[in-house]
**Student:** 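One structure, pasted below without further comment.
Order of the sequence lines fixes the chain letters, A, B, ..., with proteins taken first and strands second; residue numbering starts at 1 for each chain. Below, all heavy atoms of this structure are taken into account, side chains as well, without hydrogens, waters or symmetry copies.
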Amino acid sequence: MKTWIKLSRVVAAAAALLLTAPAASLAVAQEAAPASASAAATESVAASEAVSESATAEAAPAAAHILASQKELTAATLSNANTTYLIFCTAMVLMMTLPGLALFYGGMVRKKNIVATVTQSVAVTCIVAVVWWAISYSMAFGTAASPFLGIAADKVNLFMGGFDNLFLKAVTPATAYSAAPTIPEYTWISYQLTFAIITPALITGAFAERVKFSGLLLFMILWSILVYAPICHMVWGGGYLAQKGVLDFAGGAVVHCNSGVAGLVSALFLGRRKGYGTEAMAPNNVIFIMIGASLLFVGWIGFNAGSEWAGDTIASAALLNTMLCTCLAGVSWKVVEWVFRGKPSLVGILSGMVAGLVVITPACGFVNPMGAMICGLLAGPVCYISATWVKKLLGYDDSLDAFGIHGAGGFLGAVLTGFLADPAVNSLGHAGMDQVMKQLLGLGVTIVWSAIGTLIILVICKFTTGLRVSEADEEAGLDASQHDEVLDH
Amino acid sequence: MKTWIKLSRVVAAAAALLLTAPAASLAVAQEAAPASASAAATESVAASEAVSESATAEAAPAAAHILASQKELTAATLSNANTTYLIFCTAMVLMMTLPGLALFYGGMVRKKNIVATVTQSVAVTCIVAVVWWAISYSMAFGTAASPFLGIAADKVNLFMGGFDNLFLKAVTPATAYSAAPTIPEYTWISYQLTFAIITPALITGAFAERVKFSGLLLFMILWSILVYAPICHMVWGGGYLAQKGVLDFAGGAVVHCNSGVAGLVSALFLGRRKGYGTEAMAPNNVIFIMIGASLLFVGWIGFNAGSEWAGDTIASAALLNTMLCTCLAGVSWKVVEWVFRGKPSLVGILSGMVAGLVVITPACGFVNPMGAMICGLLAGPVCYISATWVKKLLGYDDSLDAFGIHGAGGFLGAVLTGFLADPAVNSLGHAGMDQVMKQLLGLGVTIVWSAIGTLIILVICKFTTGLRVSEADEEAGLDASQHDEVLDH
Amino acid sequence: MKTWIKLSRVVAAAAALLLTAPAASLAVAQEAAPASASAAATESVAASEAVSESATAEAAPAAAHILASQKELTAATLSNANTTYLIFCTAMVLMMTLPGLALFYGGMVRKKNIVATVTQSVAVTCIVAVVWWAISYSMAFGTAASPFLGIAADKVNLFMGGFDNLFLKAVTPATAYSAAPTIPEYTWISYQLTFAIITPALITGAFAERVKFSGLLLFMILWSILVYAPICHMVWGGGYLAQKGVLDFAGGAVVHCNSGVAGLVSALFLGRRKGYGTEAMAPNNVIFIMIGASLLFVGWIGFNAGSEWAGDTIASAALLNTMLCTCLAGVSWKVVEWVFRGKPSLVGILSGMVAGLVVITPACGFVNPMGAMICGLLAGPVCYISATWVKKLLGYDDSLDAFGIHGAGGFLGAVLTGFLADPAVNSLGHAGMDQVMKQLLGLGVTIVWSAIGTLIILVICKFTTGLRVSEADEEAGLDASQHDEVLDH
Amino acid sequence: MVSGEAWVKKIEAIIKPFKLDEVKEALHEVGVSGITVTEAKGFGRQKGHTELYRGAEYVVDFLPKVKLEVVVDDSLAERVVEAIASAAQTGRIGDGKIFILPVEGAVRIRTGERDADAI
Amino acid sequence: MVSGEAWVKKIEAIIKPFKLDEVKEALHEVGVSGITVTEAKGFGRQKGHTELYRGAEYVVDFLPKVKLEVVVDDSLAERVVEAIASAAQTGRIGDGKIFILPVEGAVRIRTGERDADAI
Amino acid sequence: MVSGEAWVKKIEAIIKPFKLDEVKEALHEVGVSGITVTEAKGFGRQKGHTELYRGAEYVVDFLPKVKLEVVVDDSLAERVVEAIASAAQTGRIGDGKIFILPVEGAVRIRTGERDADAI
Ligand SMILES: Nc1ncnc2c1ncn2[C@@H]1O[C@H](COP(=O)(O)OP(=O)(O)O)[C@@H](O)[C@H]1O
Ligand SMILES: Nc1ncnc2c1ncn2[C@@H]1O[C@H](COP(=O)(O)OP(=O)(O)O)[C@@H](O)[C@H]1O
Ligand SMILES: Nc1ncnc2c1ncn2[C@@H]1O[C@H](COP(=O)(O)OP(=O)(O)O)[C@@H](O)[C@H]1O
């Protein structure tokens, strides 16, 4: 019977996800006509690239989104300032996962699971770096030159970058990636790696307190390859969604919506924790949560402003927008909580701030400060509702709200970007219902791909390594049962 | 009777503060004559600005202190290197408050108040950002164009920047602030925001373990507007003290003396914690204190060297001076403690380091390394005496030594700057008794403004939200009573 | 009898170290011939310096290793981008020690020693900064102009930089160090200071849980002067090993092998902790270990990529290599542990990551990503064996594996650099048996100097301040006995 | 006042931590109005685990337990014991123990009430 | 040696944490030379609070308490109880309880002294 | 079931923390199969230390101790006491105390076994 309940939940989830499909297909339809125009435009842009780039490379790096290829890097094109910029952004985004997210999640679980939860972030970091080097960088930022499974190379390129750059074999000290032509590709790979790390690491929040360590590792390897790399390619690697004009400055769809949906599917698939709803599951250490959230905030500057790949005006806008939206979202969550809960809590303010960071992520390089404040004002209440009421209503156990905050916040931010983009801030941005439809297309594709991919991977893990620990192991805690290592001796 | 004691203490404090007034007025008098000359000089500088700036903008950015206005930013004037510099400094100063100061203070209180103390830093961050966007940035760095309450615009400008830039409405992607003309104003606003955040956050150290959360929030909103913004404008926004030639590289007066004095007044006004002097109030976690102090140290590089707004020679001097003074102050506090206490303590060394950081703050971009060592040698003993003997003597309960360290250290540093400034390091610096008098003027005005402003705000809070929790709530701890959220379950 | 055992252990250690001497002397012999050639080359390089440098300063800063001197810095040669780069790298390396290493080590000891262990890192930071300013910077990066103890200046220069720059007296805002001619010397001093701090701080891992605080301070002062400064000069200050062509990008020999060997000698000299092998000595807080290791990882980007002193292509390679090697080493240690221990542990993965960081340190700016992966693959198992089996076998008590990880890892990395250096990445690099011999020479000299110097200093400390606490103090814990300050009240 | 006679009993129970909420509920139903709880480590038949850090092995055979203390009237003791025993049971090794100890006197600090009135 | 006769008493007190220093002083004055203290959580008439994290509600009805144990000679027991009771009292709900238990034997580990000599 | 007769004893020992492993071994050899351990702070003849933070002085006279509780059959009690006493002894002040208390009943939660069978 239990299996039955589980199955029915999974089906329900699938159904829920399909509800987004119409929106997506609608958007696809709407895009059908302009698409060819846009493709033509893309080509012409590509044609005039050699000329335009030397002139405007710095002025409009985001345009390079659509033009994915490897370029030569010479002493003349190399910019020490921009490379410096991206190296530090890399360090900051790395800090978001280690120790940021590790502590943010580690502090939220019960004490018997803190070591295991933290280990998940650490292990994901290590394993994803190896996968990135071996396979997924090529799939995300490569350019397929030969057909794959009988599909023509240009069609393959819509969804992934192919396998010509496995083990980074085509990368040399003299190459750059077309989106950031003034920066050595080595740094580009490193910076993008930190995104490839934190996205799956976010999903561990939905797995927490019941996942088997070996199962988690297998899941993460497969997910990096089958879900992250293609979605990343579609949006940032010059693939399908980039060509459709989807705006996603720093990862509202690629990182947050993607990991949030994967978290929801995983939470439904794994089922609730033993004792969920009856046992007290208060966070074991809110100070660790605070340290984690703070380092997420600080590091997110490298994530958001860093996504401009140069310390320029757009990066400056992204910086200020990130700070304003985050802080206002902290306030707006707090206010909602004060009203509904009677007292404001530290975990509440911090959750609000993280919600704000998520919402501003796709928008930060496109909107003006007033737009950022609108994002912040909505981020608090919307994510509050999603992480409290909606979760309760639907009854799934997304332990640390991977979906509640990242899924909902990423969705909200992507949509708001369509409404609020200000061309004065970024000439690539543009607001209006047409842009909103494009954003919904981007979200729809991301959600469907992520949900289906995640489900397939979960099934694979379930029947190989296994995914959930035994009841006794869950009771004893993952620290003891998975790692023989506990916090309190 | 209790009220009586409280009142008498407040009066005593007021008296103590007035003692500084003569020094200030003396300095004002002394300055009367040169002031006009200086004003003239200012004008001529302003006149030749168009010429000089393009030539020497990078060489002498500190000159821009006196020339506050918005400038146009073009692709030609934008410097990616300097923008990169300031974006990272922003991240570092943000890290000072979150998680730095939050942990530094959180570790020092008793366990039943750690969550509340940490929440104060977090909440101040959020609320100040919103206030900064709405009002205080305009007051700090705007330029009043119209009279205010019947006062002529140029007189208004001596004390605040007016209200023409509320909600950042005059800021665009193409504006820069005159002090840092190579950097987008968006980044300038962000960087200065982190200063506007940490200054009131420092005051929470004087409030700790007995303040009502709602009262604290109201206090912080008002204080940001009525105290921080004007003092910031007077020193850094081209106002009165800037024109008088007060040297304050990174905030000895604006940040530390200001918050220290506000802390003292608040501590006196609130009265001592229940059990102060009889109950054991040892820090709940010295490791958190260490993490906090360390992140303060690291982030302070962005605070001090960052206040040059470019990675140049002066920034380099500020960097080295900061490291040397901090470390020597750690040693000098330790030695004093070893002698008087019998054993050196971790909290002692860390307190010494923070004292060193505070003392070098106004001086770091003006003195040479030998000067920094003199600052460090004095920082330890002076702040040790202030935070231990003086506090004991006067009997006020400045829980975490907001005044003992930041007030005293800021004062010492500002005075030492007058003695030690080396024109070889920074052509704007100049040592001598005349400069010391200017420094005392700056300190006097800051102290008086801060003390009176703080007192007014405290009274407002007391009679609206209330300021101090009930005895039972204080006993139970602020974590439970203010936030329903405790560290240990 | 106890003294006897101790003595015999020290003798054994000395013997073990002498085993490396043949390798060293062999290498010296081999180098005898090419050395003169290399010296000639050096001279000719020096001759053509004025020309070459203006042209290629940025392209090949590592060449400057061999050409140590002070240079004039003008507005024309100053690079804001590079200065920005190095200022942030300074902050990051500082963060490695505080709070990184302090937490990494603090979490590993028993709870009764956590405060003392943390205090050691903090105190070393403070004291070394003062020594650096007064003496050791001059010895490491100065140029001796006059004979010392009757030894000619150019011979003195082979081993140390002399005493002409005590108290930084020859440093001005207009000087730069020849290796980084575009950056003010103030920043150079600061950056190198962070290396001078972390190296002795690493040794505290071998002292942990039994060292007297006063003894530790004396040890650190002497060690900074007598061991660190000369070795640093020999490799990075243009001394003997630099001239021999030893490759050490970021400190495999200077920092890690050096501190590891010093740790081994210290551990042998001090003897084991009371209860070692019988009492449970599990880490008191693996979360602190995780925070520490994570901040080491993040900060190490400033350590490794920073050692290029500019954000360029070589720095980019160092960045990517650091990330890849670290993560793969985390995986490879985990796998070994999973096989031998039955379960992977958090401390294990983190130890593997630190091992990877150590191994890639000397290699990071010379090898390509494939080389980095080879380093990472070996780092895990080799350091695992060294920190578990070898330690057990030899029976010394290197409490936190200063030798097991830093000594062994530094050695491995330096040797691998000789095998894997890729001239396409860095034109100064070159792989082959001749380079391997040079690397062994560098390691041999470092090991012998470090071992003998450390031993002498230990003897001095033993007979002055004393080195080890009494049995009762060790039982009570260093926190209470050395600092009157405990974590739990 | 110290009667010497033990009309009051102290029930001490060592249980698995995650059973605390259930046991509390059970005691509440039986009419117990006060409980004192301490964190404890237990060593017994239930096996612990071995931790290995860089070659050093630590046998962690003390497992986390929670110790409950309830002082009740003699008449209630048996019911309390049964309530705890049934609520704390999982049937797996390591479920814990209950001990009954005699108490000779009790005081409620707030009021100064004594013995049976105090509990 | 286990006499069976209880000339020695163990006084257990559950008090509010911030009263520990005062109680210690009071005991010191009565002549008590040894005390053992444990952190505890208490459940009783005093109300706790409700914590709400992202929609999940946790009723925290265990409040922080401190448990004192003092073993004393029968003759001293009453004075000890009174000392604690008066020092720990705030008059507010949750002040805690004192229990007196019989002790049948005592040993000072350092010297091996027994019973009354041991305490 | 609550017999009133105390055939079972509870041995409580306050020892120095670093002696725990040795004491556990000693008890194991005597045949004790279950121990419950709590962290405690002890105040006694052994002197603590004074902490001074920025002028404020805190006398820390509570020292870290470990409290062991072992419930055993009357017949084993004396041997248990001796095992603890000899294993925990350092001869230095602060070694701690052992107390013997009567127990009137015991239950093994897992099985419901009572009294002697339960321990
Ligand atoms: N004789 C004893 N004295 C004190 N505590 C005991 C005793 N025996 C068991 N315990 C406590 O009860 C817990 C459970 O006992 P254990 O033997 O592991 O399993 P079970 O309860 O199933 O018999 C132990 O961890 C210990 O805390
Ligand atoms: N029957 C009991 N058994 C054990 N501990 C008790 C008992 N009753 C109360 N306590 C302890 O005493 C504390 C205070 O009791 P409570 O009922 O809250 O207030 P009061 O002491 O004012 O009656 C509780 O938190 C609990 O730790
Ligand atoms: N009368 C007592 N009641 C409860 N605990 C005691 C008593 N006397 C001593 N203790 C405990 O025993 C520990 C050791 O006692 P102490 O007087 O310091 O030294 P010693 O054991 O050498 O006599 C104390 O720290 C305390 O925990």
**Student:** Counting only non-hydrogen atoms closer than 4.5 Å, does B:Glu185 touch chain A with its backbone (N, CA, C, O), its side chain (CB onward), both, or neither?
**Tutor:** neither
**Student:** Could you tell me whether the side chain of A:Glu308 and the main chain of A:Gly365 form a donor-acceptor pair under 3.5 Å?
**Tutor:** no
**Student:** For chain A, which residues from residues 189-202 of chain B have at least one heavy atom closer than 4.5 Å to it?
**Tutor:** B:Ile189, B:Ser190, B:Leu193, B:Thr194
**Student:** Please state whether the side chain, the backbone, both or neither of B:Ala75 comes within less than 4.5 Å of a heavy atom of chain A.
**Tutor:** neither
**Student:** Spell out, as yes or no, whether a donor-acceptor pair under 3.5 Å connects the side chain of B:Gln120 to the backbone of B:Leu216.
**Tutor:** no
**Student:** Between B:Phe297 and B:Trp300 (judged by ring centroids, cut-off 6.0 Å), do the two rings come close enough to count as a pair?
**Tutor:** no
**Student:** Applying a criterion of heavy atom separation less than 4.5 Å, what residues of residues 323-344 of chain A form contacts with chain B?
**Tutor:** A:Met323, A:Leu324, A:Cys327, A:Leu328, A:Gly330, A:Val331, A:Lys334, A:Trp338, A:Arg341, A:Lys343, A:Pro344
**Student:** Determine yes or no for a side-chain-to-main-chain donor-acceptor pair under 3.5 angstrom, with A:Asn426 supplying the side chain and A:Phe366 the backbone.
**Tutor:** no
**Student:** Quick one: what part of B:Phe288 sits under 4.5 Å from any heavy atom of chain A, side chain, backbone, both or neither?
**Tutor:** side chain
**Student:** Please check this pair: side chain of A:Ser427 against backbone of A:Pro423, looking for a donor-acceptor N/O pair closer than 3.5 Å.
**Tutor:** no
**Student:** Which one, B:Ala129, B:Gly311, B:Ala91, leads in non-hydrogen pairs under 4.5 Å with chain A?
**Tutor:** B:Ala91
**Student:** Between the main-chain N or O of A:Gly107 and the side-chain N or O of A:Asn285, is there a donor-acceptor pair closer than 3.5 Å?
**Tutor:** no
**Student:** Are A:Thr322 and A:Leu357 close enough, and set up right, to give a side-chain contact (heavy atoms from CB on, under 4.5 Å), and what steps lead you there?
**Tutor:** CA-CA 6 Å; A:Thr322 299; A:Leu357 287 162; 3.7 Å; yes
**Student:** What part of B:Ile183 lies closer than 4.5 angstrom to a heavy atom of chain A: side chain, backbone, both or neither?
**Tutor:** neither
**Student:** Are the side chain of B:Asp479 and the backbone of B:Leu487 linked by a donor-acceptor contact shorter than 3.5 Å?
**Tutor:** no
**Student:** Short question: side chain of B:Thr74, backbone of B:Thr77 - any donor-acceptor pair under 3.5 Å?
**Tutor:** yes
**Student:** If you count heavy-atom pairs under 4.5 Å between each of B:Val122, B:Val128, B:Leu98 and chain A, which one has the most?
**Tutor:** B:Leu98
**Student:** Side chain from CB out, backbone as N, CA, C, O: work out which of these in B:Leu168 comes under 4.5 Å of a heavy atom of chain A, or both, or neither.
**Tutor:** side chain
**Student:** Any idea which of B:Phe213, B:Phe88, B:Tyr85 has the most non-hydrogen atom pairs under 4.5 angstrom with chain A?
**Tutor:** B:Phe88
**Student:** Short question: side chain of A:Asn304, backbone of A:Phe249 - any donor-acceptor pair under 3.5 Å?
**Tutor:** no
**Student:** Which region of B:Thr117, side chain (C-beta onward) or backbone (N, CA, C, O), has a non-hydrogen atom less than 4.5 Å from a non-hydrogen atom of chain A, or is it both or neither?
**Tutor:** neither
**Student:** Determine yes or no for a side-chain-to-main-chain donor-acceptor pair under 3.5 angstrom, with B:Gln70 supplying the side chain and B:Ala170 the backbone.
**Tutor:** yes
**Student:** Checking heavy atoms, do the side chain of A:Ile287, its backbone, both or neither come under 4.5 Å from chain B?
**Tutor:** both
**Student:** What part of A:Ile349 gets within 4.5 angstrom of chain B, counting heavy atoms only: side chain, backbone, both, or neither?
**Tutor:** side chain
